[in-house]
Asker: 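One structure, pasted below without further comment.
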Protein chains: 2
Amino acid sequence: MSPVRVLLADDEHLIRGALAALLALEDDLLVVAEAASGPEALAMARAHRPDVAVLDLQMPGADGVSVATSLRAELPGCRTMIVTSHGRPGHLKRALAAGVRAFAPKTVSAQRLAELIRTVHAGGRYVDPELAADAISAGDSPLTVREAEVLELAGDGAPIAEIAERASLSQGTVRNYLSSAATKLGAENRHTAVRLARERGWV
Amino acid sequence: MSPVRVLLADDEHLIRGALAALLALEDDLLVVAEAASGPEALAMARAHRPDVAVLDLQMPGADGVSVATSLRAELPGCRTMIVTSHGRPGHLKRALAAGVRAFAPKTVSAQRLAELIRTVHAGGRYVDPELAADAISAGDSPLTVREAEVLELAGDGAPIAEIAERASLSQGTVRNYLSSAATKLGAENRHTAVRLARERGWV
DNA sequence: GGCCGCGGATGACATTTGTCAGAGGGCCCC
DNA sequence: GGGGCCCTCTGACAAATGTCATCCGCGGCC
């Protein structure tokens with residue numbers, strides 16, 4: 001049986017290299033390409049057509065989920081999985097929606113990762129139980145589209161005026177959205193609201 | 001010549017394990033202990049007395065810099081180095097002040113890391129050139145002790161009243177500190193001020 | 001058609017925050 | 001002793017923000 005062809009994408013050279021070395025020890029796995037950014041991961045995937053793509057969630061250029069979305073369209077035969085340091089419930093949700101087959105934190109062992117790659121290649125799925133529990137308990141976002149939009153623009157602490165301009169809304173409207181978003185999230189003001197929404201992966 | 005005894009501390013099992021495997025390939029390096037948190041790193045160091053401690057900056061319990069500080073006091077013979085994903089200028093400064101001998105981003109290769117460990121063991125020092133440049137251009141914190149303190153309490157978006165209470169200050173004083181801090185940082189409001197100070201590693 | 005509910009928008013009003021001037025006390029250094 | 005810097009506080013005013021009542025348009029439903 002021919003080995004599983006794997007693409008590794010992670011911007012941290014140290015980790016990517018170490019991972020490649022470890023996976024190389026497995027007879028049935030073959031790392032055929034490595035990438036340090038989202039776009040590079042796409043290019044490498046096109047060139048090497050891997051069976052499984054192991055993607056870091058945070059990468060320069062394009063994050064793991066958007067890479068997975070593109071891959072799904074371009075290389076339907078290529079299964080994708082996400083590995084990440086900071087798993088937020090919303091990320092998991094977005095990832096699954098993008099057709100990602102597995103979602104694991106970087107706290108898993110290399111042994112386990114190898115197993116996951118085999119599982120995914122065989123058509124299976126896997127989601128870290130703890131992340132899954134978080135995602136379920138966090139539930140769906142109670143925010144409307146506009147609320148989330150405005151909340152995102154408020155993310156870097158910009159004043160209302162700037163948010164209003166960037167969203168092409170009146171300042172009053174922006175304030176209402178922020179207010180209702182904060183109420184829904186149980187926050188005292190928009191800044192804590194932003195933080196909470198981020199923690200739950202809703203922005 | 002006996003090998004360099006190395007302690008690896010990183011909360012991401014995947015990376016720690018992979019790293020250990022890679023370093024094991026070097027004849028002159030010996031990973032004698034691994035830890036997944038700050039306190040565990042300290043305990044392992046006490047038990048195994050490594051020559052060099054490779055510490056992740058972000059760990060549960062206690063971050064790399066505080067571990068380095070404790071190690072310096074308890075095991076003066078143990079050299080410390082920090083490896084991190086997100087290098088902020090202020091972290092570098094704090095690390096050097098704590099007696100850390102090397103500071104590198106996780107984008108370095110394992111080969112390079114092995115070299116660094118040897119350099120540090122031999123008494124040398126190393127700072128990633130890019131991080132060093134950032135640190136120099138960022139300069140010293142213009143904030144007074146209290147300003148930084150209040151700014152930190154403002155970190156999670158709490159209202160002034162709460163900050164004042166937690167800092168045991170009058171609300172007016174808090175507002176003044178936040179205002180002057182924001183002015184010094186060139187921010188429009190305290191929230192962007194917090195963000196900027198965080199980026200520069202001043203809080 | 002008429003009615004209801006809902007997301008979206010607006011303006012008015014109250015509260016919070018930012019800014020400024022000033023003032024007293026403590027500390028260090030010349 | 002004097003000067004300078006920081007800490008703390010106060011009071012007052014301007015600006016930003018939060019809250020609320022209300023209105024509009026749209027789709028579903030009786």
Side-chain angles (χ1 to χ4, degrees), chain A residues 90 93-94 97 138-203, chain B residues 90 93-94 97 138-203:
Chain A
K93 213 157 281 185
R94 277 197 304 138
D140 274 325
S141 170
L143 304 176
T144 76
V145 178
R146 278 293 189 294
E147 282 167 358
E149 215 172 295
V150 172
L151 207 51
E152 181 144 24
L153 286 173
D156 52 357
I160 298 263
E162 192 181 320
I163 301 173
E165 192 183 359
R166 292 213 279 167
S168 307
L169 291 176
S170 93
Q171 303 197 5
T173 308
V174 171
R175 274 185 262 158
N176 278 336
Y177 282 149
L178 289 176
S179 178
S180 77
T183 304
K184 286 177 181 175
L185 296 173
E188 292 200 328
N189 57 45
R190 65 204 166 101
H191 304 285
T192 58
V194 167
R195 192 168 49 80
L196 289 174
R198 286 228 173 102
E199 279 172 13
R200 291 167 171 64
W202 290 338
V203 292
Chain B
K93 213 158 281 186
R94 277 196 305 136
D140 274 325
S141 169
L143 304 175
T144 93
V145 178
R146 279 295 186 289
E147 282 167 358
E149 216 172 296
V150 172
L151 207 52
E152 182 145 24
L153 286 174
D156 52 358
I160 298 263
E162 193 180 319
I163 301 172
E165 193 183 359
R166 292 214 279 168
S168 306
L169 291 175
S170 92
Q171 301 197 6
T173 308
V174 170
R175 272 189 268 163
N176 283 337
Y177 284 156
L178 289 176
S179 178
S180 77
T183 304
K184 285 178 181 174
L185 296 174
E188 292 199 329
N189 57 44
R190 64 204 166 102
H191 304 286
T192 57
V194 167
R195 193 167 48 81
L196 289 174
R198 286 225 172 104
E199 280 173 12
R200 291 168 174 62
W202 290 338
V203 294

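Computed from a predicted structure; not experimentally measured.
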Asker: If every non-hydrogen atom of A:Ala197 is compared with every non-hydrogen atom of A:Leu151, which pair is closest and at what distance?
Answerer: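 Smallest interatomic distance, heavy atoms only, reads CB-CD2, 3.8 Å.
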Asker: Need one value for A:Ser170: base, sugar-phosphate or nothing, where a base atom within 4.0 Å counts as base even if backbone is also close, heavy atoms only.
Answerer: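 It contacts sugar-phosphate atoms only.
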Asker: How many Å lie between CD on B:Glu162 and P on C:dT17, as a whole number?
Answerer: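 Going from CD in B:Glu162 over to P in C:dT17 covers 11 Å.
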Asker: Round to a whole Å and report the spacing from CD of A:Glu147 to P of C:dG7.
Answerer: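 The answer, rounded to whole Å, is 9 Å.
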Asker: Just N and O in the side chain of A:Tyr177: are any of them under 4.0 Å from OP1 or OP2 of D:dG18?
Answerer: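 No, A:Tyr177 has no side-chain N/O under 4.0 Å of OP1/OP2 on D:dG18.
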Asker: Report all interatomic pairs (protein N or O, nucleotide N or O of nucleotides 20-25 of chain C) with separations under 3.5 Å.
Answerer:
from	atom 1	to	atom 2	distance (Å)
C:dC20	N4	B:Asn176	OD1	2.8

Asker: To the closest 0.5 Å, what do you measure between CD (A:Glu165) and CD1 (A:Ile163)?
Answerer: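 So the CD of A:Glu165 and the CD1 of A:Ile163 are separated by 11.5 Å.
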Asker: Output the rounded distance in Å from CZ (B:Arg175) to P (C:dG18).
Answerer: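 Answer to the nearest Å: 9 Å.
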Asker: Got a sec, which pairs hit ring pair (Phe, Tyr, Trp, His ring centres under 6.0 Å) with one end in residues 144-170 of chain A, sequence neighbours left out?
Answerer: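 For residues 144-170 of chain A, and leaving out neighbouring residues, there are no ring pair (Phe, Tyr, Trp, His ring centres under 6.0 Å) pairs at all.
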Asker: I need the CG-P distance between B:Leu169 and D:dT10, as an integer number of Å.
Answerer: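 The distance from CG of B:Leu169 to P of D:dT10 comes to 11 Å, rounded to the nearest Å.
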Asker: So what does B:Val145 touch, heavy atoms closer than 4.0 Å: a base, only the sugar-phosphate, or nothing?
Answerer: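 Sugar-phosphate contact only.
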Asker: Quick one: ring pair (Phe, Tyr, Trp, His ring centres under 6.0 Å) pairs with a partner in residues 145-165 of chain A, sequence neighbours left out?
Answerer: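 Pairs touching residues 145-165 of chain A that pass the test: none.
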Asker: Without decimals, in angstroms, what is the distance between B:Gln171 CD and D:dT10 C1'?
Answerer: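 Nearest whole value for this atom pair: 13 Å.
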Asker: I need the CG-C1' distance between B:Asn189 and D:dA15, as an integer number of Å.
Answerer: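 Interatomic distance, CG of B:Asn189 to C1' of D:dA15: 12 Å.
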Asker: Ignoring backbone atoms, test whether A:Thr144 places a side-chain nitrogen or oxygen under 4.0 Å from the OP1 or OP2 oxygen of C:dG8.
Answerer: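 Answer is yes, contact under 4.0 Å.
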Asker: Working to the nearest 0.5 angstrom, can you tell me the gap between A:Asp156 CG and B:Leu196 CG?
Answerer: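 If I round to the nearest 0.5 Å, the distance is 10.0 Å.
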Asker: If I take atom CG in residue A:Leu143 and atom P in nucleotide C:dG7, what distance separates them, rounded to the nearest angstrom?
Answerer: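 In whole Å, C:dG7 P lies 12 Å from A:Leu143 CG.
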Asker: Round to a whole Å and report the spacing from CD of B:Glu149 to P of D:dC7.
Answerer: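 Rounded to whole Å, this separation is 9 Å.
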Asker: Side-chain N or O of A:Arg190 versus OP1/OP2 of D:dT17: is the shortest distance under 4.0 Å?
Answerer: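 Yes.
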Asker: With a 4.0 Å limit, can you tell me whether B:Arg146 has a side-chain N or O closer than that to the phosphate oxygens OP1/OP2 of D:dC6?
Answerer: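 Result: no.
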Asker: Heavy-atom distance under 4.5 Å between the side chains of B:Arg195 and B:Glu199, does that happen here?
Answerer: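 Heavy-atom side-chain distance check passes, below 4.5 Å.
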Asker: Can you tell me if CD on A:Glu188 sees more than 12 non-hydrogen neighbours from other groups inside 6.0 Å?
Answerer: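 Counting neighbours around CD of A:Glu188, 12 or fewer heavy atoms of other residues, nucleotides or ligands fall under 6.0 Å, so no.
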Asker: Is A:Leu178 touching bases, backbone alone, or none of the nucleic acid, heavy atoms closer than 4.0 Å?
Answerer: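 Touches nothing.
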